[in-house]
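Every chain is numbered from 1 and lettered A, B, ... according to where its sequence line falls, protein lines coming before strand lines.
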Amino acid sequence: MTEAFEPVIVGFTCNWCSYRAADLAGTARIKYPPNIRLIRLMCSGRLDPTFVFKAFSSGADGVMITGCHPGECHYVEQNYKAMRRFILLQRTLAQFGIEPRRVRLVWASAAEGHRLAEEITNMVEEVRQLGPLNWPTAPDGVQVTRSVEAI
Amino acid sequence: MTSNPDGNPNGKPKFAMCWAASCGGCEIAVLNIHEKILDVDQNFEVVFWPVAMDAKYKDVEAMPDGSITLTLFNGSIRNDENEHMAHLLRRKSKILVAFGSCACEGCIPGLANFSTTQEIFDAAYAGISTDNPNGIRPQSAWDAPEGTLHLPKFYPVLKTLDQVVPVDYYMPGCPPESHQIGAVIDLVIQALHGEATLPPPGAVIGAGQSTVCDECPRARNVKKITHFARIQDALIDPALCLLEQGVLCNGIATRSGCTALCPKAGAACVGCYGPAEGVLDYGARLMTAVASVIDSTDPAEINRILDSLPDPAGAFYRFNLAGSLLRAGKAAWAADRVKA
Ligand code: SF4
Ligand code: FES
């Protein structure tokens with residue numbers, strides 16, 4: 001396989017802020033790489049670490065979790081919960097030998113389309129440098145989604 | 001007797017129990033059902049059970065396929081001998097039960113999936129408690145003057161039983177509690193007499209549907225943790241939830257069925273009954289719970305609190321690593337790939 005490596009990033013976004021930020025980036029025609037697949041949650045507090053393990057074990061190379069800025073969560077303080085889970089998750093993933101930079105937590109308000117696009121671009125480039133994760137439990141079909149040129 | 005409820009014209013339905021990679025506690029737990037063991041003998045013909053009787057693998061190989069009614073398989077798949085027995089007994093058995101935590105989810109042997117084969121062998125054959133001056137390591141083949149000797153081949157990644165063969169039922173626990181084993185044996189015997197129906201294939205048997213917390217008598221209030229303590233370092237209130245007192249207790253994520261033996265006796269639940277109903281990844285569920293009760297919104301402080309939990313992966317996946325979504329650490333998987 002000589003194709004260039006295109007990282008697959010799964011993004012879990014909060015409905016009230018970052019999902020709208022991504023929307024805004026779209027309507028404002030701000031470019032960000034198509035490597036990220038966004039999944040909308042009602043709040044970053046819904047982020048169960050299971051989702052992250054599921055993403056990695058199904059072939060993702062990185063996971064981005066996004067939510068409202070501290071103090072701005074629509075469910076009061078669930079994003080703090082997300083932050084604590086995230087820190088614990090990173091520590092646990094490190095013990096699995098998974099580079100902590102493959103998971104990222106980003107706060108982005110609905111107005112920050114630009115910043116979110118930047119964060120996504122940065123993450124894609126950094127994961128590209130880290131190389132494919134290629135977790136052995138992933139079905140081979142994942143390879144198909146790697147050729148993002150076709151999308 | 002010409003026939004029996006199993007339709008076996010030669011007598012009683014056949015029973016087998018096999019010991020793969022495990023400590024042997026499961027076998028003891030079966031013997032620990034006391035006089036009920038006589039019911040086993042009365043209702044079953046024990047055809048293979050290395051810990052209790054003399055039988056050889058070739059005896060099992062000679063049996064017709066599907067001729068064993070019930071096989072309790074304890075232990076995980078650590079080497080090619082374990083895998084061979086898993087396939088063989090699957091073929092020979094009508095009902096194959098993953099019996100005990102090792103078979104269900106890897107258990108303590110599965111924790112080795114965080115290490116490479118090299119590290120495991122170093123610990124076992126070159127550790128400070130090992131006297132091995134010639135540095136002898138296990139080989140899968142050895143040329144002796146009398147011919148080549150074979151030992152089972154060690155797998156870099158330990159597997160659960162259902163990762164190598166289809167399993168009919170799961171019976172969790174390290175080991176399964178004897179009263180649960182007794183109840184399952186009763187159920188199977190009743191089913192053989194047409195007096196009960198067995199649960200649908202794939203079900204967890206001999207355990208509850210809830211969590212250990214549900215069976216735990218300790219009082220619960222609000223959990224707000226600012227420091228994790230090891231149980232021997234903390235002054236423990238015997239009536240209060242351990243987690244509330246900063247001792248990591250896995251009861252919240254663990255399937256009920258043990259009657260909360262450990263928290264009742266003053267020790268934290270370590271999770272041997274495996275994931276509670278509906279939990280896909282045991283460690284992730286614990287992470288969710290633990291992160292929820294940490295009492296801070298400041299990243300630096302959260303990190304400081306988590307420093308008092310030095311081995312989160314080991315604590316969260318003590319019994320479930322091989323059965324988790326990731327199954328093993330990257331290094332063990334890398335060695336597995338080389339093997340393949
Ligand atoms: S966390 Fe442990 S001590 Fe607390 S209620 Fe659950 S099982 Fe009991
Ligand atoms: S609503 Fe956006 S993080 Fe909670």
Considering only heavy atoms, which portion of [X] lies under 4.5 Å from any heavy atom of chain B: side chain, backbone, both, or neither?
{"X": "A:T50", "answer": "both"}
{"X": "A:Q90", "answer": "neither"}
{"X": "A:Y80", "answer": "side chain"}
{"X": "A:L47", "answer": "neither"}

* Can you check whether B:S296's main-chain N or O pairs, donor with acceptor, with A:R84's side chain at less than 3.5 Å? -> yes

[X] [atom1]: over 12 foreign heavy atoms closer than 6.0 Å:
{"X": "A:R102", "atom1": "CZ", "value": "yes"}
{"X": "B:H84", "atom1": "NE2", "value": "yes"}
{"X": "A:R128", "atom1": "CZ", "value": "yes"}
{"X": "B:K153", "atom1": "NZ", "value": "no"}
{"X": "B:R230", "atom1": "CZ", "value": "no"}

Could you report the tightest heavy-atom contact between [X] and [Y], atom names first, then the distance?
{"X": "B:G329", "Y": "A:W135", "value": "C-CH2, 4.1 Å"}
{"X": "A:R91", "Y": "B:P312", "value": "CB-CG, 4.2 Å"}
{"X": "B:S292", "Y": "A:R85", "value": "OG-NH2, 3.5 Å"}
{"X": "B:P299", "Y": "A:M83", "value": "CG-SD, 3.9 Å"}
{"X": "B:A284", "Y": "A:D48", "value": "CB-OD1, 4.1 Å"}
{"X": "B:K330", "Y": "A:E99", "value": "NZ-OE2, 3.1 Å"}

* **is_close_aromatic(A:F53, B:Y282), centroid dist under 6.0 Å** =>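 No, the ring centres sit 6.0 Å or more apart.
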
Side chain from CB out, backbone as N, CA, C, O: work out which of these in [X] comes under 4.5 Å of a heavy atom of chain A, or both, or neither.
{"X": "B:I302", "value": "side chain"}
{"X": "B:I305", "value": "neither"}
{"X": "B:A328", "value": "backbone"}
{"X": "B:N113", "value": "neither"}

A side-chain contact here means heavy atoms from C-beta on lying under 4.5 Å apart; do [X] and [Y] qualify?
{"X": "B:T288", "Y": "A:P49", "value": "yes"}
{"X": "B:L325", "Y": "A:T137", "value": "no"}
{"X": "A:F96", "Y": "B:W333", "value": "no"}
{"X": "B:M287", "Y": "A:V52", "value": "no"}

